[in-house]
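Here the structure comes first, spelled out in structure tokens, and everything after it is commentary.
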Amino acid sequence: LVRLRARLARSQNAFGQGLLSLLSADKLDESAWEEIEDTLITADVGVTSAAQIVDSLRTKVKVLGSRTPEEVRGLLREELLAQIDTDQDRAVHTEPHPGAPAVVMVVGVNGTGKTTTTGKLARVLVGDGRSVVLGAADTFRAAAADQLETWGSRVGAPVVRRDEGADPASVAFEAVARGVDDGADTVIVDTAGRLHTKTGLMDELGKVKRVIEKKSRVDDVLLVLDATTGQNGLRQARVFAEVVNISGIVLTKLDGTAKGGIVIQVQRELGVPVKLVGLGEGPDDLAPFDPEAFVDAILE
Ligand code: GDP
């Protein structure tokens, strides 16, 4: 956790330090507030949240009069937390049901880190003593199944796969059936992220979900979003949220961007909590999203 926090701090720090120094200026005039708002928007906080944060800070700074650096930090911490710390459920639901494994579907555009996240999540669960089955339902690229198999053997989880071009739903079904037969705790299904047509995507993910429900139920649908892709990534995420019922977001590659404000925007836009964050390519670089630790890393 310490290492993850350090990594977060390194990438998010630029944004936080910029805000802190702007807010510490002796005189906060109109152009200073504009600059603060711009800094928030540049960090992908989103226009609505940026305006709310600035409005609220202005009021509080006025009440306070002169400010010590600790007070400035405290105010900013409060405002960022107010935007991030929604009382939504951030747990990933991996507890098995009587006679059937929990099932987690991982969805999102190709390249965002779906397969890597599936592997890392399996690693966490296996590390906790759970038995996990992985389903390679991204059948459009043989490489995706190969990649998942590598993760499976690395972390100790069997991988159910079929030939390239096979029906993703049949792979998902077989993975869950295997989970039931083996008495596994959790099945994680890695899906294809082709944004071909919206109805195509809807049909495909809908079918995957329906066949899973023949054997168990879908406990979590995690949307993987690459934090470095900004507005474009958010647009794609919106399409997924329209076609499938997302229960949580995994924000990947937070190690590679100072635009951590995307956490705020994505939760606001999609109405779904960020549950996990990806902080690197390695097997241990996945962490539960902790709003306080995140804000503290920004303001370190
Ligand atoms: P998929 O197509 O959505 O399954 O994406 P992959 O899992 O293949 O990931 C695409 C690339 O992003 C790979 O090179 C991963 O190693 C890399 N990646 C995934 N998650 C993270 C992360 O949290 N941080 C960094 N730096 N790279 C990541």
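Order of listing sets the numbers, starting from 1, for every ligand and every atom in it.
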Which protein non-hydrogen atom lies closest to [atom], naming both residue and atom, and how far is it?
atom	result
atom 2 (O) of ligand 1	Gly111 N, 2.7 Å
atom 18 (N) of ligand 1	Lys253 CE, 3.8 Å
atom 17 (C) of ligand 1	Glu281 OE2, 3.7 Å
atom 8 (O) of ligand 1	Gln147 NE2, 3.0 Å
atom 3 (O) of ligand 1	Lys114 N, 2.8 Å

Exercise. Using heavy atoms and a threshold below 4.0 Å, how should the contact between Asp226 and ligand 1 be classified: side chain, backbone, both, or neither?
Worked result: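 Contact part for Asp226 vs ligand 1: neither.
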Exercise. Which bit of Val109 gets closer than 4.0 Å to ligand 1, counting heavy atoms only: side chain, backbone, both or neither?
Worked result: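 Contact part for Val109 vs ligand 1: backbone (N, CA, C, O).
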Under 3.5 Å: N/O of [X] near N/O of ligand 1:
X	answer
Thr115	yes
Thr116	yes
Asp255	yes
Thr117	no

Exercise. Hey, is the main chain of Pro101 close enough, under 3.5 Å, to the side chain of Ser216 for a donor-acceptor pair?
Worked result: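 Yes, the answer is positive, given that a donor and an acceptor are paired below the 3.5 Å cut-off.
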Exercise. Where the side chain of Thr229 meets the backbone of Leu225, is there a donor-acceptor pair that is under 3.5 Å apart?
Worked result: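 Flag not set: sc Thr229 to bb Leu225 has no pair under 3.5 Å.
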For this session: Apply side chain to side chain contact (heavy atoms under 4.5 Å, CB included) to Thr68 and list each qualifying residue two or more places apart in sequence or on a separate chain.
Result: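 Partners of Thr68 by the side chain to side chain contact (heavy atoms under 4.5 Å, CB included) criterion, ordered by chain and then number, come out as Glu70, Glu71.
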For this session: With sequence neighbours excluded, give me every side-chain hydrogen bond (donor to acceptor under 3.5 Å, both in side chains) pair touching residues 90-111.
Result: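 For residues 90-111: Thr86-Arg90, Asp89-His93, Arg90-Gln267, Thr94-Arg130, Glu95-Arg130, His97-Asp219, Asn110-Lys114.
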Problem set entry | Nearest option to atom 21 (C) of ligand 1, as decided by whichever heavy atom of Gly113, Gly280, Ala144, Ala143 sits closest |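 Closest candidate by heavy-atom distance is Gly280.
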Exercise. Are Val45 and Gln265 side-chain neighbours, meaning at least one heavy-atom pair lies under 4.5 Å?
Worked result: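 A side-chain contact is absent here, since even the closest heavy-atom pair is not under 4.5 Å.
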